Amino acid sequence: MQDSSSPLAILKARFGYDEFLPLQSEIIENVLASRDSLVLMPTGGGKSLCYQLPALLLGGTTLVVSPLIALMKDQVDALNESGIPANFMNSSLSDLEMRRVEAAVRNGHTKLLYIAPERLALQSFRKFLHELDINLIAIDEAHCISEWGHEFRPDYRNLRQLREEFPSTPVIALTATATERVRDDIIGQLGLQDGGVFISGFNRSNLNYSVRPKSDAWERLIGLLESHKDQSTIIYCFSRQETEDLAADLTARGFEARPYHAGLDGDTRRRAQDDFIRDRVAIVVATIAFGMGIDKPDVRLVVHYSLPKSVEGYYQETGRAGRDGSPAECVLFYAFADKVKQEYFINQIVDESEQRVAREQLARMVEFAQLTTCRRRYLMHYLGEEWEQENCGGCDACLEPREEFDATEISQKILSAVIRTGERFGAGHIIQVLRGGRDKRVLEMEHDSLNVYGIARASGKSDLREIIGLLESRGLLTTEGDRYPTLAVTEAGREFLQTRSSLSLPRPLDGGARRTTPQPSTEIQFDERLFEELRVLRRRLADERDVPPFVIFGDTSLKQMAARFPQDSDEFGRISGVGAAKLEQYGADFIAVIQEYIERHGRPDIHVPEARPSRARPERRPGPTFDETRELLSRGLSVVEIAEQRGLAETTIIGHIERIAAQDDSLDMSHLVPDAATMSEIEKALEVCGDEFLRPVWEFLEEKVSYNDLRLARIHLRRGPPITPG
């Protein structure tokens with residue numbers, strides 16, 4: 001029998017998982033032995049658990065340093081929902097809130113304290129730390145301490161002093177992206193001498209990588225968003241203005257999108273992120289330079305509309321896709337002009353060493369964008385991991401293998417057509433001219449009289465568009481403008497024409513036949529109608545508690561529920577992601593929805609229906625299980641007594657009451673609500689905080705009234721004028 005205080009027992013009880021992911025157990029063992037650790041693990045690989053679980057077995061408080069202020073609240077909410085006391089301290093808190101957190105930490109009511117690195121520069125804060133029993137220091141995004149890292153942050157240098165002031169406290173440094181040079185720098189900066197270096201595989205097998213020409217990026221982007229309709233998407237852009245313009249253009253095309261960059265005021269930025277995390281908007285358009293700190297597990301598409309500054313940055317940003325293990329797509333739009341933009345800003349860097357590092361990083365990124373071989377292999381090799389497979393089955397180079405062909409003549413024709421038309425038209429117009437098209441614009445401009453008109457009639461439109469994109473990537477063509485780009489020939493392109501040099505370009509093998517190596521599927525079959533109803537319930541519970549939906553349960557957990565149809569606590573407890581705290585808090589509500597679904601539809605043999613159902617939850621009347629609850633209510637039994645008689649959780653019974661009350665105005669529930677004095681306090685709190693979310697009400701009442709009583713009071717008050725309870 002498993003020791004209840006062992007890491008594996010805590011993994012199930014608190015986090016809801018039956019087994020550790022690769023390396024997690026070894027890392028946790030190293031931490032518990034008070035040894036330093038450097039952990040390199042891909043996004044979604046379970047880095048956080050490596051310090052969160054030991055924090056529960058060690059005495060005192062674990063200090064977590066993270067640069068992602070936007071993430072802290074979500075991480076702390078998720079821990080508290082799992083029954084793990086956690087808090088954060090950063091610039092988003094008021095003085096009063098800061099004092100409350102300090103008191104909770106001093107009183108031993110906090111196992112994990114999250115802080116931003118700049119707080120370490122405050123003498124008063126370091127003095128506060130010395131009053132605590134710090135059992136472990138966890139440093140997230142540890143690559144930020146290295147000038148060779150893609151996100152060097154000077155505030156991270158304060159960690160040296162922290163290490164000196166707590167020399168006997170073990171340190172665990174964690175990152176998803178670090179080359180060997182960066183790893184060595186982290187070890188040196190933090191003095192990680194007696195510990196271990198744990199490197200998990202960097203491969204994200206559920207991600208598909210592809211690079212597309214930017215000459216027609218707008219229409220390609222629209223196609224991508226159509227294929228990922230209503231799915232969470234992040235689009236990275238080069239500039240703040242581009243994020244706002246692109247978000248506005250997408251909204252005009254019927255896609256609700258929010259811009260997100262450092263130049264927006266704090267409230268606007270928080271609303272954009274909050275709407276995205278809480279599934280109120282599907283698309284966020286963000287600058288590459290600004291770290292969003294998105295911890296959302298169900299992002300299905302990440303688009304780089306402009307070239308990232310480094311391979312590490314690209315890997316980390318694409319790593320925000322598919323954190324739940326389900327398939328996701330990562331698309332980069334590349335044009336040589338984006339390289340020129342990045343070089344302009346690199347030239348503004350005063351420090352020669354920093355400038356040299358930035359140039360080297362950009363060169364590797366351009367190399368990746370221009371690859372004709374496996375992109376996954378390049379990423380793995382760059383990060384220090386070899387990839388032996390010939391075909392990864394998950395990038396455009398492997399799914400659409402290519403061969404080199406002599407492109408000298410067709411390239412000369414394209415470049416000549418761009419010059420002859422005045423270098424002020426887009427790819428579509430140039431293709432019309434080359435193929436002898438009778439487009440109205442071609443005729444109006446009298447381009448049918450040019451000597452380049454019709455000189456490439458034998459070439460297909462898609463072939464010409466592909467070659468134009470390749471000429472851009474080789475720096476022979478450039479584009480100006482993003483929404484309606486026009487083509488121009490670069491100096492290198494003019495030199496190519498003048499010297500009549502030869503040129504080879506890649507093209508698809510066998511006319512574009514796809515060669516695939518299927519990746520093992522991590523998806524399970526599930527009933528999509530039930531899945532959508534569970535999502536609606538999750539959203540309601542999340543709104544009541546003022547937390548993101550994934551803090552309640554991730555999509556993977558809901559899919560398992562919609563595949564296994566758990567109908568009691570034992571079965572529900574075996575769902576991945578269901579720990580003891582969440583089983584007690586949410587199990588009854590989800591089980592009730594599942595039972596009700598079976599009553600209406602039966603339990604299907606095939607869990608994937610032919611048609612995808614509407615996201616809207618169908619209106620339904622209470623079934624037999626609610627009739628039993630109604631009968632016991634009519635006898636004047638309390639929620640506790642009904643739960644005992646029916647063998648159900650109290651939260652399930654309250655869920656029944658909520659649905660019955662919505663259908664039956666005559667239901668007498670006055671005996672269920674708190675006493676008159678408490679009801680008066682609740683009413684006042686609801687007036688101040690509103691009745692949509694219960695968490696603010698709970699906090700306003702200083703946590704003196706339980707969630708169950710708050711739910712019952714709200715049900716009662718929503719039905720009409722309050723009745724004074726007996």
Side-chain angles (χ1 to χ4, degrees), residues 27-28 30-39 47-69 71-73 75-76 79-80 84-146 153-175 185-196:
I27 296 166
I28 289 168
N30 194 65
V31 171
L32 292 175
S34 295
R35 291 192 290 265
D36 294 339
S37 312
L38 173 59
V39 176
K47 293 190 299 297
S48 300
L49 188 81
C50 296
Y51 61 82
Q52 289 174 349
L53 193 150
L56 300 177
L57 291 170
L58 297 168
T61 300
T62 291
L63 184 69
V64 185
V65 181
S66 171
L68 306 175
I69 290 178
L71 258 185
M72 288 186 190
K73 184 178 185 301
Q75 291 172 325
V76 166
L79 287 166
N80 286 326
I84 301 168
N87 268 302
F88 66 87
M89 298 176 73
N90 60 41
S91 56
S92 70
L93 297 182
S94 66
D95 290 342
L96 177 60
E97 290 170 325
M98 195 72 76
R99 287 196 295 272
R100 287 180 61 183
V101 172
E102 288 180 357
V105 177
R106 283 194 180 98
N107 294 336
H109 298 153
T110 298
K111 292 302 296 181
L112 292 107
L113 175 63
Y114 285 74
I115 66 164
E118 58 267 21
R119 190 152 295 274
L120 296 171
L122 303 175
Q123 183 70 33
S124 58
F125 180 73
R126 293 207 307 277
K127 182 181 178 182
F128 165 69
L129 289 181
H130 282 282
E131 299 174 22
L132 309 177
D133 178 16
I134 303 295
N135 58 41
L136 175 65
I137 298 171
I139 301 169
D140 206 3
E141 310 294 341
H143 57 271
C144 294
I145 201 172
S146 172
R153 303 201 181 193
D155 285 323
Y156 259 61
R157 296 298 196 192
N158 295 326
L159 293 169
R160 293 176 178 173
Q161 190 170 354
L162 182 67
R163 188 68 205 269
E164 291 169 2
E165 292 183 20
F166 293 88
S168 61
T169 302
V171 171
I172 177 171
L174 309 101
T175 178
D185 203 12
I186 294 171
I187 291 171
Q189 295 285 347
L190 295 174
L192 306 180
Q193 299 170 350
D194 63 339

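Model, not experiment: these values are computed from the prediction.
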Table please: side-chain donor-acceptor pairs of residues 52-64 below 3.5 Å, with sequence neighbours left out.
from: Gln52; atom 1: NE2; to: Tyr114; atom 2: OH; distance (Å): 3.1
from: Thr61; atom 1: OG1; to: Thr110; atom 2: O; distance (Å): 3.0
from: Thr62; atom 1: OG1; to: Asn135; atom 2: OD1; distance (Å): 2.8

message: Using side-chain heavy atoms (C-beta onward) and a distance below 4.5 Å, is Val65 in contact with Asp140?
response: no

- prompt: When you look at Ile134 and Ile137, which way does the side chain to side chain contact (heavy atoms under 4.5 Å, CB included) test go after all the steps?
  reply: CA-CA 7 Å; Ile134 303 295; Ile137 298 171; 4.0 Å; yes

Side chain to side chain donor-acceptor pair (under 3.5 Å) partners for Ser92, two or more places apart: Asn90

message: If you define the side chain from C-beta out and look only at heavy atoms, does anything of Glu141 sit under 4.5 Å from Pro67?
response: yes

field: Shortest non-hydrogen contact between Tyr156 and Pro117, atoms and distance
entry: CE1-CG, 3.5 Å

task: Name all residues meeting the side chain to side chain contact (heavy atoms under 4.5 Å, CB included) criterion together with Ala86; count only those two or more places apart in sequence or in a different chain, and write none if there are none.
output: Val76, Leu79, Asn80, Leu112

task: Output all residues satisfying side chain to side chain contact (heavy atoms under 4.5 Å, CB included) with Asp36, sequence neighbours left out; order by chain, then residue number.
output: Arg163, Pro170, Val171, Leu192, Asp194

- prompt: Does any pair with a residue in residues 49-67 pass salt bridge (charged side-chain N to carboxylate O under 4.0 Å, His left out), and if so which ones, sequence neighbours excluded?
  reply: none

task: Examine distances only and state if a side-chain atom of Asn107 and a backbone atom of Ala104 form a donor-acceptor pair shorter than 3.5 Å.
output: no

- request: Can you run down the salt bridge (charged side-chain N to carboxylate O under 4.0 Å, His left out) pairs that involve residues 107-128, sequence neighbours left out, and say none if there aren't any?
  value: Arg126-Glu165

- line: The salt bridge (Lys or Arg N to Asp or Glu O under 4.0 Å) partners of Glu97 (sequence neighbours excluded) come to none

query: Measuring from Cys144:SG to Leu159:CG, what's the distance to the nearest 0.5 Å?
result: 10.0 Å

Contacts of Glu102 that satisfy side chain to side chain contact (heavy atoms under 4.5 Å, CB included) - sequence neighbours left out: Met89, Met98, Arg106, Phe128

task: List the steps, then state whether side chain to side chain contact (heavy atoms under 4.5 Å, CB included) holds for Gln75 with Phe88.
output: CA-CA 9 Å; Gln75 291 172 325; Phe88 66 87; over 6 Å; no

query: In a check of side-chain contact (heavy atoms from CB on, under 4.5 Å) between Lys47 and each of Ile172, Ile27, Leu174, Thr175, which one passes?
result: Leu174

- prompt: After noting the C-alpha distance and the side-chain angles of Phe125 and Leu120, does the key distance pass the side chain to side chain contact (heavy atoms under 4.5 Å, CB included) rule?
  reply: CA-CA 7 Å; Phe125 180 73; Leu120 296 171; 4.1 Å; yes

message: I'd like to check the side chain to side chain contact (heavy atoms under 4.5 Å, CB included) partners of Arg157; sequence neighbours left out, ordered by chain and number.
response: Ile145, Glu147, Phe152, Arg160, Gln189

- prompt: Yes or no on side chain to side chain contact (heavy atoms under 4.5 Å, CB included) for Ile28 and Val31, after CA distance, side-chain angles and deciding distance?
  reply: CA-CA 5 Å; Ile28 289 168; Val31 171; 5.6 Å; no

